[in-house]
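Since the model is a prediction, treat every value here as computed from it, not as a measurement. Order of the sequence lines sets the chain letters (A, B, ...), proteins ahead of strands, with each chain counted from 1. Side chains included, hydrogens not; waters and symmetry mates left out as well; all remaining heavy atoms used.
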Amino acid sequence: MPELPEVELTRRRLDRELKGRRIEQVVIRTPKLRSPIPAELESCLPERLVCVVERRGKYLLFDCGGGWLIIHLGMTGFLRLLPGMTAPGKHDHFDILFAHGPLLRLHDPRKFSTVAWTTGAPATNPILAGVGPEPLTPVFDAAYLFAATRSRRVAVKQLLMNKAIVAGIGNIYANEALFRAGIRPDRPASSLNHSECGRLVTAIREVLQGSIDQGSAYRVTEETVVYHPLNFAVYGQGKAPCICCGGELEEIRLGNRSTVYCPRCQH
DNA sequence: AGAATTACCTGAGCGC
DNA sequence: TGCGCTCAGGTAATTC
């Protein structure tokens, strides 16, 4: 379940390892993911150089010179970087083999990943056109969130997970940020005042940046992703004692998503 | 327009 | 051992 920090760490690793490399061969092994992997990739990607790897929300953007490869890892997607071509295993759907070695391999048991191709500016592609501001940039501030929450009666946690409002926040960091900000997840978004919006913006930044700085809640290795559940204050900690007050955490469902909060520390 | 619901997909965990 | 069930959840599509 990669969220923004995991995708950012993946981006850094891929940018470091693949920048300037020439694509030699592309293999689409499972055409049918959430949406089909464009068949043209097998012919249009080879011979191109990867100029840079960027990120928008949870989308990875590979600048291939005259075209952009867009990859979203969904829930369980993982990009393996292997020394060279090796036999594919179960759930290995898509390969990019680079000249002189490295193999980038998309592995995803649940097939929620997306692979797309665009020859225009990625920002204007329909996939990215409606994505809201990056949470780690100055555009995302108290004034923005305050304005975005007016006339929104949905629970603030669900609003945070809406990528049109802010990019890259999923269930884990929505839970964590609300705990850090001391705001109940089921509050109607419009009930937050300006100062609460400011606290929430700060908490979101700290939680995301903190996770990136410590190598994410997951350890992204060459082969797999290792999950560190104890790094979370509330996510996955239902009924455990609150790290702040020692009281029992409460677990509810919002928008059919598991939600954990402290009824004493969050208001 | 905003909100709620469902589909997509498979492995893990659990009760019996 | 194995069956059936629930859950995990990002996003798009659909419906109200």
Side-chain angles (χ1 to χ4, degrees), chain A residues 1-8 10-11 28-38 55-61 70-79 88-94 106-116 118 122 125-132 134-135 145-178 185-192 204 208 211 216-218 223-229 232 234-239 251-260:
Chain A
M1 33 199 113
E3 293 197 29
L4 190 148
E6 292 74 34
V7 177
E8 173 60 16
T10 300
R11 183 200 69 77
I28 300 171
R29 209 166 285 110
T30 312
K32 197 175 165 296
L33 299 182
R34 272 200 98 247
S35 48
I37 298 178
R55 178 188 61 75
R56 181 77 175 89
K58 297 177 194 166
Y59 293 88
L60 288 164
L61 313 175
I70 303 176
I71 296 183
H72 191 293
L73 297 172
M75 264 284 295
T76 48
F78 182 68
L79 286 168
K90 203 177 178 185
H91 309 309
D92 288 340
H93 306 306
F94 177 66
L106 175 64
H107 174 90
D108 185 3
R110 286 184 212 168
K111 300 185 184 172
F112 276 15
S113 293
T114 299
V115 177
T118 182
N125 186 278
I127 291 177
L128 294 174
V131 179
E134 288 292 320
L145 188 59
F146 185 69
T149 48
R150 298 310 91 187
S151 82
R152 295 289 201 136
R153 274 185 292 197
V154 75
V156 60
K157 172 166 175 269
Q158 290 173 268
L159 183 108
L160 291 185
M161 292 172 65
N162 180 347
K163 73 185 171 89
I165 303 290
V166 54
I169 300 178
N171 196 37
I172 296 173
Y173 294 102
N175 277 302
E176 295 299 312
L178 286 160
D186 56 355
R187 286 264 302 278
S190 56
S191 76
L192 270 64
I204 288 167
L208 294 177
S211 189
S216 107
Y218 308 83
E223 280 297 321
T224 187
V225 182
V226 183
Y227 172 58
H228 296 285
F232 300 126
V234 287
Y235 177 78
Q237 309 289 315
K239 296 212 184 302
E251 184 159 18
I252 58 172
R253 296 193 77 78
L254 283 179
N256 210 24
R257 293 290 181 261
S258 143
T259 304
V260 184

Phosphate OP1/OP2 of dC8(B) contacted by Lys111(A) side-chain N/O (<4.0 Å):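 False: Lys111(A) side-chain N/O out of range (4.0 Å or more) of dC8(B) OP1/OP2.
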side-chain N/O His91(A) vs dC9(B) OP1/OP2, d < 4.0 Å: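 No.
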Name of the residue among Ile71(A), Val131(A), Val7(A) meeting side-chain contact (heavy atoms from CB on, under 4.5 Å) with Lys58(A):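 Single pass found, and it is Val7(A).
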Single hit among Arg34(A), His91(A), His93(A) for side-chain contact (heavy atoms from CB on, under 4.5 Å) with Asp108(A):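 Only one option passes, and that is His93(A).
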Whole Å only: how far is the [atom1] atom of [X] from the [atom2] atom of [N]?
{"X": "Ile37(A)", "N": "dC8(B)", "atom1": "CD1", "atom2": "P", "answer": "19 Å"}
{"X": "Arg257(A)", "N": "dA8(C)", "atom1": "CZ", "atom2": "C1'", "answer": "8 Å"}
{"X": "Lys32(A)", "N": "dA7(B)", "atom1": "NZ", "atom2": "C1'", "answer": "11 Å"}
{"X": "Ile169(A)", "N": "dG10(C)", "atom1": "CD1", "atom2": "C1'", "answer": "14 Å"}
{"X": "Asp108(A)", "N": "dC8(B)", "atom1": "CG", "atom2": "P", "answer": "16 Å"}
{"X": "Asn171(A)", "N": "dG10(C)", "atom1": "CG", "atom2": "C1'", "answer": "10 Å"}
{"X": "Asn256(A)", "N": "dT6(C)", "atom1": "CG", "atom2": "C1'", "answer": "11 Å"}
{"X": "Leu73(A)", "N": "dC9(B)", "atom1": "CG", "atom2": "P", "answer": "18 Å"}

For the side chain of [X], starting at C-beta, report the closest nucleotide among [options].
{"X": "Ser258(A)", "options": "dA8(C), dG11(B), dG10(C)", "answer": "dA8(C)"}
{"X": "Lys90(A)", "options": "dA8(C), dT10(B), dG11(B)", "answer": "dG11(B)"}
{"X": "Met75(A)", "options": "dT11(C), dT10(B), dA8(C)", "answer": "dA8(C)"}

Could you list the protein-to-nucleotides 12-16 of chain C atom pairs, N/O on both sides, closer than 3.5 Å?
| from | atom 1 | to | atom 2 | distance (Å) |
| --- | --- | --- | --- | --- |
| dA12(C) | OP2 | Lys163(A) | NZ | 3.2 |

Could you list the residues that satisfy side-chain contact (heavy atoms from CB on, under 4.5 Å) with [X], not counting sequence neighbours?
{"X": "Ser35(A)", "result": "Thr114(A)"}
{"X": "Pro38(A)", "result": "Glu40(A), Leu41(A), Trp117(A)"}
{"X": "Gln158(A)", "result": "Val154(A), Ala155(A), Leu254(A)"}
{"X": "Val234(A)", "result": "Asn175(A), Glu176(A), Phe179(A), Leu249(A), Val260(A)"}

Distance-only donor-acceptor test, Arg110(A) side-chain atoms vs dG10(C) base atoms, 3.5 Å: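 Check fails, no donor-acceptor contact within cut-off.
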End axis versus end axis in the helix from dG2(B)-dC16(C) to dC16(B)-dG2(C), the angle rounded to 10°, five pairs used at each terminus: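 Inter-axis angle at the ends, rounded: 50°.
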Which protein N or O atoms sit under 3.5 Å from an N or O of nucleotides 1-4 of chain B?
| from | atom 1 | to | atom 2 | distance (Å) |
| --- | --- | --- | --- | --- |
| dA3(B) | OP1 | Arg153(A) | N | 2.4 |
| dA3(B) | OP1 | Val154(A) | N | 3.3 |
| dA3(B) | OP2 | Arg152(A) | NH1 | 2.9 |

Side chain to side chain donor-acceptor pair (under 3.5 Å) partner of Thr259(A), chosen from Glu251(A), Arg253(A), Lys157(A):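 Only one option passes, and that is Lys157(A).
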With sequence neighbours left out, what residues match [X] under salt bridge (charged side-chain N to carboxylate O under 4.0 Å, His left out)?
{"X": "Arg55(A)", "value": "Glu8(A), Glu134(A)"}
{"X": "Arg29(A)", "value": "Asp95(A)"}
{"X": "Arg187(A)", "value": "Glu196(A)"}

Side chain proximity check, Thr10(A) to Pro2(A), heavy atoms < 4.5 angstrom: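 No, their side chains stay 4.5 Å or more apart.
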Closest heavy-atom pair and its distance - Ala116(A), Ile127(A):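 The pair with the smallest heavy-atom distance is CB-CD1, 3.5 Å.
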Could I get a table of every N or O pair under 3.5 Å where one atom is in the protein and the other is in nucleotides 12-14 of chain B?
none

Tyr59(A): partners by ring pair (Phe, Tyr, Trp, His ring centres under 6.0 Å), with sequence neighbours left out: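 By the ring pair (Phe, Tyr, Trp, His ring centres under 6.0 Å) rule, Tyr59(A) matches His72(A).
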No-hydrogen, no-angle side-chain donor-acceptor test under 3.5 Å, Asp92(A) and His107(A):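 His107(A) and Asp92(A) do have a side-chain donor-acceptor pair below 3.5 Å.
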